[in-house]
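Here's the structure we're looking at; comments come further down.
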Protein chains: 2
Amino acid sequence: MNIEHDSFPVRRRGRPCKHAADLGETRELLLRTGVELLTEQGFSATGIDQILRRVGVPKGSFYNYFKSKEAFGAELIERYRVYFLRKLERHLGNAALSPLARLQAFIADAQHGMQKFDFSRGCLAGNLGQEMGTLPETFRAQLNAVFADWQDRLARNFEVARAVGEIAENADCLRLAAFFWIGWEGAVMRAKLEKSVAPLEIFADGFFASVARR
Amino acid sequence: MNIEHDSFPVRRRGRPCKHAADLGETRELLLRTGVELLTEQGFSATGIDQILRRVGVPKGSFYNYFKSKEAFGAELIERYRVYFLRKLERHLGNAALSPLARLQAFIADAQHGMQKFDFSRGCLAGNLGQEMGTLPETFRAQLNAVFADWQDRLARNFEVARAVGEIAENADCLRLAAFFWIGWEGAVMRAKLEKSVAPLEIFADGFFASVARR
DNA sequence: CGAATATTAGACCGATCGTCTAATATTCGC
DNA sequence: GCGAATATTAGACGATCGGTCTAATATTCG
């Protein structure tokens, strides 16, 4: 999710050329920057002017591409859902590791990612979930769907773990996955607050203790 | 934390009487309302005008009592810390129950509290922790101290649990307490989002599974 | 009695947000 | 080639909000 400002062409008023290489670039850049800022600050504290300043785009362009700040937010949530699922798949789909080791790899990657950005970035869905008290009600279903998706994907991982005997035969995979994601959001929030990976590690340890075979 | 608007006397300009029953009431009311709104909405999404409208107090009064919105916020955090510790003590100090049963009682009370307010209220410290990316840096230490207090209190509960054989002899009480509060914030956020106690229950189950004696 | 004190009141200014018209350049169809 | 249609950038505008600060006002104090 690195943003390349250097190669961005000068923007001119008027209809763009048919074969222009930069078609759609403004919109793309707005979305990327939006995701970034929402991951750092959440929705309410992120004003449109801040996004526009960061990208260097006039307000008219923003409202040309998005009906409203709300519509923009909805697209950001969807974009983050897809991005995160892809990242999750990279780890949970890694057949070279056992199911629980795949989850460990995801956790390690997340820790590394947070350190990389000096703990300024958390989870966009968690941020927005926390401020749902003042957000458009349409976001609620969207966010719940995001968490449900992640939950399903992780539950499938646990089903494999169960099948190979890595966790108990009577384990409720869906509930386990729910438990993980519920706690994970708390851990990410605390990691941001403390600027430390400790909360992620503490949560992971506790989680794995809860699924330890016995 | 019910607010009694009915009995609030008419406020007049000028220095109040020396023996007036309502001395300090305006300030008290602002603090109460502030805690309420921060528990529902967080800091950034809660504007001063909203608080003033809810209480029915002019802006001049607010800035008479508080140096700034930041100073106000700092007092709210402190107030919440004390309030919550007291509530925690009511449960964890209950000698009629075993240590783990005390924690269960706290959890049940929290579920009941969230339902009572239709899941509109979460945890003030959790809300602010999530939006720390845009809050005054002074809040960070304050919030971390809040969580550390709660952690210590719960760890003491686990030490008793360990002493009476309710959890393993080699259990790391402080780490267990950290694990609980880390996950708890995620559970509260999800309960607010889903408007359901399910996340609290799922987290609690997973937590108790992780400390089950074995 | 006047000065000091402590409260309420709200105007003011700059920043921000969302809306929306205007300017502008290319494409399209006749 | 020309005018209409299209698709982009630009930023003015009005309402709201946050924070500042002067004024009004009532009681206490010396």
Side-chain angles (χ1 to χ4, degrees), chain A residues 8-31 33-34 37-38 41-76 131 134-136 138, chain B residues 5 8-31 33-34 37-38 41-76 131 134-136 138-139:
Chain A
F8 198 67
V10 176
R11 285 187 294 272
R12 302 183 311 176
R13 286 190 184 198
R15 185 173 177 158
C17 294
K18 207 170 190 177
H19 304 292
D22 63 351
L23 227 48
E25 267 302 292
T26 298
R27 191 174 195 279
E28 180 61 27
L29 207 45
L30 286 168
L31 286 170
T33 303
L37 281 170
L38 261 59
Q41 310 181 163
F43 193 81
S44 301
T46 302
I48 288 180
D49 283 351
Q50 186 179 5
I51 295 171
L52 300 180
R53 273 196 306 272
R54 187 176 275 202
V55 182
V57 160
K59 204 171 284 196
S61 295
F62 180 86
Y63 286 102
N64 173 55
Y65 292 114
F66 307 103
K67 189 171 183 318
S68 60
K69 187 184 178 186
E70 177 178 337
F72 180 58
E75 289 211 29
L76 296 180
E131 48 177 327
T134 60
L135 298 189
T138 52
Chain B
H5 288 291
F8 198 70
V10 178
R11 285 186 295 270
R12 303 184 309 174
R13 287 189 183 199
R15 183 171 178 159
C17 295
K18 206 168 187 177
H19 303 290
D22 62 352
L23 228 46
E25 267 303 294
T26 298
R27 192 174 193 278
E28 179 62 28
L29 208 44
L30 286 168
L31 286 170
T33 303
L37 281 171
L38 260 59
Q41 309 179 165
F43 193 79
S44 302
T46 302
I48 289 181
D49 283 349
Q50 185 178 5
I51 296 171
L52 300 179
R53 273 195 305 271
R54 187 175 274 204
V55 182
V57 160
K59 206 174 276 194
S61 293
F62 180 88
Y63 285 102
N64 175 55
Y65 293 114
F66 306 103
K67 188 170 184 317
S68 60
K69 187 184 178 186
E70 177 178 338
F72 181 57
E75 290 213 28
L76 296 180
E131 49 178 325
T134 60
L135 299 189
T138 52
F139 285 10

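Within every chain, numbering begins at 1; the chains are lettered A, B, ... in the order of the sequence lines, protein sequences first and strands thereafter. Worth knowing before you read on, the calculation uses all heavy atoms, side chains too, and leaves out hydrogens, waters and symmetry mates.
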| Given atom CZ of A:R15 and atom C1' of C:dT24, what is their separation to the nearest angstrom? | 13 Å
| said: Does any part of the side chain of B:L37, heavy atoms only, come nearer than 4.5 Å to the side chain of B:F43, both counted from C-beta? | reply: no
| request: Output the distance between atom CG (B:L52) and atom CZ (B:F62), rounded to the nearest 0.5 Å. | output: 7.0 Å
| message | Quick check on C:dA9: is either OP1 or OP2 less than 4.0 Å from any side-chain nitrogen or oxygen of B:S61? | response | no
| note | Note: for B:R53 and A:P58 on DNA chain D, the residue whose nearest nucleotide lies more 5' is A:P58
| query | B:S61 and B:V57: which non-hydrogen atoms are nearest, and at how many Å? | reply | CB-CG1, 3.3 Å
| request: Among D:dA23, D:dT28, D:dT9, find the nucleotide with the atom closest to the side chain of B:C17. | output: D:dT28
| query | For the residue pair B:L135 and B:S44, what are the closest heavy atoms and their distance? | reply | CD2-OG, 3.9 Å
| request: Can you tell me the distance, in whole Å, between the NZ atom of A:K59 and the C1' atom of C:dA15? | output: 11 Å
| request: With a 4.0 Å heavy-atom cut-off, tell me which residues in residues 62-72 of chain B come close to DNA chain C, sorted by residue number. | output: B:N64, B:Y65
| field | Closest heavy-atom pair and its distance - A:L30, A:F72 | value | O-CZ, 3.4 Å
| Length of the line joining B:R12:CZ and D:dA23:P, which is rounded to integer Å | 23 Å
| query | Please give, in whole Å, the distance from D:dT16 C1' to B:I48 CD1? | reply | 14 Å
| Exam field: side chain B:Q41 to backbone A:E131, donor-acceptor pair closer than 3.5 Å | no
| request: Counting Watson-Crick and G-U wobble pairs whose two distances are both under 3.5 Å, find the runs of 3 or more in a row that involve DNA chain D. | output: C:1-30 with D:1-30
| request: Give the rounded distance in Å between these two atoms: CZ of B:F43 and C1' of D:dC17. | output: 14 Å
| request: Check every strand shown and say whether A:G60 touches a base, only sugar-phosphate, or nothing at a heavy-atom separation below 4.0 Å. | output: base
| remark: A:D49 atom CG is separated from D:dC17 atom P, nearest whole Å, by 16 Å
| field | Inter- and intrachain pairs under salt bridge (charged side-chain N to carboxylate O under 4.0 Å, His left out), touching residues 61-73 of chain B, at least two apart | value | none
| message | D:dT8, OP1 or OP2 - any side-chain N/O from A:T26 closer than 4.0 Å? | response | no
| query | Can you name the closest pair of heavy atoms from A:A45 and B:T134 and give their distance? | reply | CB-OG1, 3.6 Å
| query | CG of B:L52 versus P of D:dT16: gap in Å, rounded? | reply | 16 Å
| Separation of atom CZ in B:R27 from atom C1' in C:dA6, rounded to whole Å | 14 Å
